[in-house]
Amino acid sequence: MSTAHRTSSSPRAVARGAANSSALGVAARCGLAARGVLYVLIGLIAVRIATGEGGGQADRGGALAELSARPMGSVMLWALGLGLVGMALWRLSEAVFGAAGDGGRKPGKRLLSAARCVFYAFVAYSVLAFAAGESGSGSGSGDRQSEDVTARALELPGGQWIVGLAGVGIVVAGVWMAGRAALRKYRKHLELGTMSRRQRQFTDVTGVVGGVARGAVFVAVGVFVTRAALTYEPDEAKGLDDALRSFAETPAGPGLLVLVATGMALFGLFSFASARWRRV
């Protein structure tokens, strides 16, 4: 047996690996819980908009403003931001070492984890910047940000193609999310053996309904981005808030927005369940 092998198998190395794994597990669960808070708040704001009981932005900025207005709001904002940092670190570890479960080391899954790491790092930064009091950080209008980014992209060589492909990509991502939720693909990541029948039913209701609603919102955002590319009009691009409001403008009216908004809140509850029972 080589010295290197003995060293890697020593009790100290095993203990260090277990500690690192435990720390990443805590980071992952905190991140999933933080994601849940955002989705629940966004869903509740959208329900209020649909029922005419209040205004606000049904996006991350609106959720942060809602949270900051609560007692101990500043503390909760810092906790939320740090939780999202944990989510980014967890996804980074998946990109580097591979995710838990079968096929977790495949290049495609590692690349997806890397993309998620970048996304959650950006979200964490915006939340922490808002908590630190930076004006315009975190609570800015997502709709305006989408229009600004689209306008800058359209000015690039081949800008219409870039924006159009991005829009189509978002639509495909939304369909993928909704399809996986409907097929209950999330189950393979859960510790089903430790869950009671009621707990499994809870995760199925929140996972399926919430995941389909989340996917539908992504599809709506992608459609607006694609329309902006086709018309060469940046104002056609919509953020989360306007995309959600667009459901109320369909023939189904505000009732459809209530359903989608409720689904978004349910996805938040599913995130809480994942924080408890997901295999990380």
Side-chain angles (χ1 to χ4, degrees), residues 28 31-43 46 58-60 63 84 87-88 90-91 94-95 99-104 106 108-123 142 146 164-190 202-227 237-247 250 256-275 277-280:
L32 289 166
R35 184 183 71 177
V37 171
L38 286 176
Y39 271 95
V40 167
L41 289 175
I42 291 170
D59 56 16
R60 183 176 68 251
L84 291 167
M87 175 73 94
W90 171 45
R91 293 304 189 183
E94 288 188 330
D102 295 336
K106 291 181 178 179
K109 290 195 174 183
R110 288 192 176 194
L111 184 61
L112 181 59
S113 292
R116 286 168 169 165
C117 171
V118 172
F119 172 76
Y120 282 110
F122 170 77
V123 175
S146 296
L165 289 173
V168 171
I170 296 171
V171 170
V172 171
V175 173
W176 180 76
M177 290 176 186
R180 287 179 62 83
L183 295 173
R184 300 190 297 181
K185 293 289 188 179
Y186 54 81
R187 278 192 153 210
K188 66 182 181 180
H189 299 297
L190 300 177
F202 176 80
T203 55
D204 279 340
V205 171
T206 57
V208 172
V209 178
V212 170
R214 181 190 184 214
V217 174
F218 268 76
V219 169
V221 171
V223 168
F224 284 122
V225 173
T226 304
R227 184 185 298 176
K238 308 294 183 186
L240 183 58
D241 179 65
D242 274 353
L244 279 166
R245 292 174 189 266
S246 70
F247 286 99
T250 64
L256 180 58
L257 175 54
V258 171
L259 288 176
V260 175
T262 302
M264 294 286 278
L266 287 175
F267 184 79
L269 297 181
F270 172 74
S271 295
F272 294 146
S274 297
W277 291 297
R278 180 170 174 129
R279 191 181 302 113
V280 295

Next item on the list: Please examine the side chains of Val208 and Leu266, heavy atoms only from C-beta on, and report whether any two atoms are closer than 4.5 Å.
Entry: no
Item checked: Atom pair CG/OG1 of Leu269 and Thr206 - distance to nearest 0.5 Å -> 6.5 Å
Checklist line | Atom of Val221, atom of Lys238 and distance for their closest heavy-atom approach | finding: CG1-O, 3.8 Å
Notebook entry, point to check: Got Val280 and His189 here, is their nearest side-chain heavy-atom distance under 4.5 Å?
Noted result: no
Check: About how many Å separate OG of Ser246 and CG of Asp241, when rounded to the nearest 0.5 Å?
Finding: 10.0 Å
Next item on the list: Taking all non-hydrogen atoms of both residues into account, name the closest pair between Val219 and Val175 and its distance.
Entry: CG2-N, 3.8 Å
Notebook entry, point to check: Ala181 and Tyr186: which non-hydrogen atoms are nearest, and at how many Å?
Noted result: O-CE2, 3.8 Å
Item checked: Qualifying side-chain hydrogen bond (donor to acceptor under 3.5 Å, both in side chains) pairs with a residue from residues 210-219, counting only residues at least two apart or across chains -> Tyr39-Arg214
Margin query: Could you tell me if the side chain of Arg60 sits less than 4.5 Å from the side chain of Leu240, heavy atoms only?
Written below: no
Next item on the list: I would like to know whether Arg279 and Leu190 meet side chain to side chain contact (heavy atoms under 4.5 Å, CB included); could you show each step before the answer?
Entry: CA-CA 5 Å; Arg279 191 181 302 113; Leu190 300 177; over 6 Å; no
Item checked: Separation of Met264 CE from Leu259 CG (nearest 0.5 Å) -> 13.5 Å
Check: Of all heavy-atom pairs between Phe202 and Ala273, which one has the smallest distance, and what is that distance?
Finding: CE2-CB, 4.0 Å
Margin query: Is it the case that the side chain of Ser271 and the backbone of Phe267 share a donor-acceptor pair, with hydrogens and angles ignored and the cut-off at 3.5 Å?
Written below: yes
Item checked: Reported CD1-to-OG1 distance for the pair Ile170 and Thr226, which is rounded to 0.5 angstrom -> 7.5 Å
Next item on the list: Of all the heavy-atom pairs spanning Phe224 and Ala243, show the shortest one and how long it is.
Entry: CE1-CA, 4.1 Å
Item checked: Rounded distance [0.5 Å steps], CG in Leu84 versus CG in Leu38 -> 6.0 Å
Next item on the list: Please lay out, stage by stage, how Phe119 and Arg91 fare under the test side chain to side chain contact (heavy atoms under 4.5 Å, CB included).
Entry: CA-CA 10 Å; Phe119 172 76; Arg91 293 304 189 183; over 6 Å; no
Check: Is there a side chain to side chain contact (heavy atoms under 4.5 Å, CB included) between Trp90 and Met87 once you walk through the steps?
Finding: CA-CA 5 Å; Trp90 171 45; Met87 175 73 94; 3.5 Å; yes
Item checked: From NZ (Lys188) to CZ (Arg278), nearest 0.5 Å -> 9.5 Å
Notebook entry, point to check: What closest approach, in Å, do Phe270 and Thr203 show between heavy atoms, and which atom pair accounts for it?
Noted result: CD1-O, 3.7 Å
Item checked: Working for side chain to side chain contact (heavy atoms under 4.5 Å, CB included), residues Phe247 and Val217 -> CA-CA 9 Å; Phe247 286 99; Val217 174; 4.2 Å; yes
